[in-house]
Student: 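Provided herewith is a single structure, encoded as structure tokens, for subsequent inquiry.
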Amino acid sequence: MDRLSVDHLTGIKELTKNDIEIIFKTADAFKEVINRPIKKVPSLRDITIANLFFENSTRTRLSFELAEKRLSADVVNFSAASSSVKKGETLIDTVNNILSMKVDMVVMRHASPGAAKFLAERIDAKVINAGDGTHEHPTQALLDAFSIRERLGKVEGKKVVIVGDILHSRVALSNIYCLQKLGAEVMVCGPTTLIPKYIHELGVKVEHDLVKALEWCDVANMLRIQLERQDIKYFPSIREYSMQYGLTKEILDNLSKKIVIMHPGPINRGVEITSEVADSDQAIILNQVENGVAVRMAVIYLLASKINRD
Ligand code: CP
């Protein structure tokens, strides 16, 4: 069996191109499984997984839970809002208490960059990062690249522009690492204030004009403005942002070619993308969500194969 070079998935930065290809090959098989009348396999019948969500989530949380259940794992769910974290318990105490209940794998979303790595270095269970602050969201990048491969046949040689709030986006950073490892060219587009100063060190192109960026690309990944992570104002108003960087049907129809539109969700309809574009046949937003289950099944399955069961 193909084996990953890592014992945890804390970020795409730590993966090799071969790791990503192994995950995609495994996800291809699981995609076939989840489209069968009986969508479940018994692969992880003796494995227990804890989903620890210290930050809000809809897609990622449901997708992981479904992936775990499709693999027949036992699943426990934890949400910070209704937990003893509210009484002052630390992250490591919370996790150690959960692990004493014999949990083999932890899927964690946390507001602090580096939280998943911190955990992976301190506990025996396998750790999957479901988003750590503004740092990385590795399974989102894997499902995004998997969806590009599905729609365009391959990722290598494709031009992908990531539009919007790059500064606060873990999706952007993980996508940049993942797409580059697979041989795609990456551009970021947005107002100067939402592009990090270190961006050139990542080897990506920068464009501030949305139409020029869209003319360049094969795929546009439209990001949400992360108001919850913004402590100061980065642009005059949402309306002004939308006028400069919002993707409308008119802009799309006036391009010289047909491009693929992606969005990691949650969508703010009418801000970064109009409903007409989000629901058009050029958008693969719901394919991304569907592929998320197969990709997460693959990641969980491959990491579970590294659990010492003696
Ligand atoms: N794409 C994504 O991470 O969505 P959620 O915040 O709903 O999990």
Side-chain angles (χ1 to χ4, degrees), residues 9-13 23 27 49-70 75 77-82 106-116 127-148 150-151 160 162-179 188 190 194 219-230 247 260-269 271-273 277-279 283-300:
L9 179 59
T10 55
I12 299 289
K13 194 173 184 183
I23 292 168
I49 304 178
N51 298 314
L52 312 186
F53 278 73
F54 293 86
E55 258 196 349
N56 295 341
S57 169
T58 300
R59 277 146 293 273
T60 311
R61 185 180 176 144
L62 287 176
S63 180
F64 267 113
E65 190 173 341
L66 212 50
E68 292 150 5
K69 288 181 171 167
R70 300 270 190 252
V75 179
N77 289 310
F78 162 96
S79 126
S82 55
V106 168
V107 174
M108 186 174 74
R109 170 167 289 189
H110 200 279
S112 300
V127 174
I128 300 177
N129 181 3
D132 58 339
T134 55
H135 178 226
E136 281 224 40
H137 191 348
T139 55
Q140 180 69 47
L142 289 167
L143 73 90
D144 288 344
F146 185 86
S147 302
I148 293 173
E150 184 178 72
R151 176 57 73 106
V160 182
I162 307 170
V163 182
D165 185 357
I166 313 299
L167 185 65
H168 300 97
S169 175
R170 55 194 173 209
V171 173
L173 190 59
S174 286
N175 260 272
I176 290 168
Y177 290 140
C178 190
L179 293 165
V188 294
L194 289 177
V219 179
N221 195 352
M222 306 301 297
L223 303 183
R224 168 179 78 86
I225 295 293
Q226 306 209 11
L227 289 173
E228 74 277 21
R229 297 192 204 285
Q230 298 185 6
L247 182 53
V260 177
I261 305 302
M262 300 175 73
H263 195 304
I267 297 175
N268 286 142
R269 286 175 184 258
V271 179
E272 68 273 9
I273 191 169
V277 175
D279 302 331
I284 58 166
I285 298 167
L286 293 179
N287 306 72
Q288 290 171 257
V289 177
E290 182 188 341
N291 288 334
V293 178
V295 167
R296 289 181 173 116
M297 283 174 83
V299 170
I300 294 164

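Ligands are counted one by one from 1 in listed order, and the atoms in each one are counted from 1 as well. What you see is a predicted model, and the numbers here were worked out from it, not measured in a lab.
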Student: With Ile267, which residues qualify under side chain to side chain contact (heavy atoms under 4.5 Å, CB included), at least two apart?
Tutor: His263, Arg269, Glu272, Ile273, Ala278, Ile285
Student: Give the minimum heavy-atom separation between Gly114 and His135, together with the two atoms involved.
Tutor: N-ND1, 4.0 Å
Student: Check each of Val106, Asn77, Leu62, Ile128 against Asn51 using the side-chain contact (heavy atoms from CB on, under 4.5 Å) test, and report the only one that passes.
Tutor: Asn77
Student: Can you pull every nitrogen or oxygen pair between ligand 1 and the protein closer than 3.5 angstrom?
Tutor:
residue: ligand 1; atom: 1 (N); partner: Gln140; partner atom: OE1; Å: 3.0
residue: ligand 1; atom: 1 (N); partner: Pro264; partner atom: O; Å: 2.8
residue: ligand 1; atom: 1 (N); partner: Gly265; partner atom: O; Å: 3.3
residue: ligand 1; atom: 3 (O); partner: Thr60; partner atom: OG1; Å: 2.9
residue: ligand 1; atom: 3 (O); partner: Arg109; partner atom: NH2; Å: 2.9
residue: ligand 1; atom: 3 (O); partner: His137; partner atom: NE2; Å: 2.9
residue: ligand 1; atom: 4 (O); partner: Arg59; partner atom: NE; Å: 3.1
residue: ligand 1; atom: 6 (O); partner: Arg109; partner atom: NH1; Å: 2.9
residue: ligand 1; atom: 7 (O); partner: Thr58; partner atom: N; Å: 2.8
residue: ligand 1; atom: 7 (O); partner: Arg59; partner atom: N; Å: 3.1
residue: ligand 1; atom: 7 (O); partner: Arg59; partner atom: NE; Å: 3.2
residue: ligand 1; atom: 7 (O); partner: Arg59; partner atom: NH2; Å: 2.9
residue: ligand 1; atom: 8 (O); partner: Ser57; partner atom: OG; Å: 2.6
residue: ligand 1; atom: 8 (O); partner: Thr60; partner atom: N; Å: 3.0
residue: ligand 1; atom: 8 (O); partner: Thr60; partner atom: OG1; Å: 2.6
residue: ligand 1; atom: 8 (O); partner: Arg109; partner atom: NH1; Å: 3.4
residue: ligand 1; atom: 8 (O); partner: Arg109; partner atom: NH2; Å: 3.3

Student: Ignoring hydrogens, what is the shortest heavy-atom contact between Ser63 and Arg296? Give both atom names and the distance.
Tutor: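 Heavy atoms of Ser63 and Arg296 come nearest at OG-NH1, 2.8 Å.
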Student: Honestly, is Arg109 close enough over Phe53, meaning NZ or CZ under 6.0 Å from the six-membered ring centre and within 45° of the axis?
Tutor: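 No - Arg109 does not lie over the ring of Phe53 by the 6.0 Å and 45° rule.
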Student: With a sphere of 6.0 Å drawn around CG of Asn56, does it hold more than 12 non-hydrogen atoms of other residues, nucleotides or ligands?
Tutor: no
